[in-house]
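Side chains included, hydrogens not; waters and symmetry mates left out as well; all remaining heavy atoms used.
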Amino acid sequence: MTQSEAELEEKLIDRVRGLGYEPVTLRNAEDLKGNLKTQLEKHNHIKLSDTEFKSRWEKSCQN
C-alpha cells in the first residue's frame, strides 16, 4: 500500500510532536529572532535579557 506525500508528512509531524517538538508560526524576522531566543534559553537552561540577546545577535551577525 503506497501512501500519499500528505499522509507521510502527517505521520512525520505526529512522530516529531511525540518527541516533544511544537509547531511554531514565523511570520517575519522578529518572530524568527524571538523563537531563536526562546530556543537558546530552553536548550541551554538560561534566561537572556533582551539586552543580552540583542548583544549576542549583533555579534553573530558581524561574523
Inter-residue atom distance Asn44.CG - Gln39.CD, 0.5 Å rounding: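 Rounded to the nearest 0.5 Å, the CG-CD separation comes to 10.5 Å.
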Can you measure from CG (Asn35) to CD (Glu30) and round to the nearest 0.5 angstrom? 12.5 Å
Other ILVMFWY residues reachable from Leu12 by side-chain steps of under 4.5 Å: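 When side chains under 4.5 Å apart are linked, the cluster holding Leu12 also contains Val16, Leu19, Tyr21.
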What's the shortest heavy-atom distance between Val24 and Leu26, and which atoms?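 Smallest heavy-atom distance, with atoms named: CG1-CD2, 3.5 Å.
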Grab the two heavy atoms, one from Leu48 and one from Lys37, that are nearest each other, plus how far apart they are.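 Where Leu48 meets Lys37 most closely, the heavy atoms are O-NZ, 2.9 Å.
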List the residues meeting side chain to side chain contact (heavy atoms under 4.5 Å, CB included) with Gln3, not counting sequence neighbours, and say none if there are none.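 By the side chain to side chain contact (heavy atoms under 4.5 Å, CB included) rule, Gln3 matches Glu7, Leu8, Lys11.
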Which residues share a side chain to side chain contact (heavy atoms under 4.5 Å, CB included) with Lys54, sequence neighbours left out: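 If we apply the side chain to side chain contact (heavy atoms under 4.5 Å, CB included) test to Lys54, skipping adjacent residues, the hits are Glu58.
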Please answer whether the main-chain N or O of Gly34 pairs with a side-chain N or O of Thr38 as donor and acceptor at a distance below 3.5 Å. yes
Donor-acceptor under 3.5 Å (Ser60 side chain, Trp57 main chain):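 Yes, because the side chain of Ser60 sits within donor-acceptor range (under 3.5 Å) of the backbone of Trp57.
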Would you please test Asp31 and Thr25 for side chain to side chain contact (heavy atoms under 4.5 Å, CB included) and show each step? CA-CA 8 Å; Asp31 288 352; Thr25 301; 5.7 Å; no
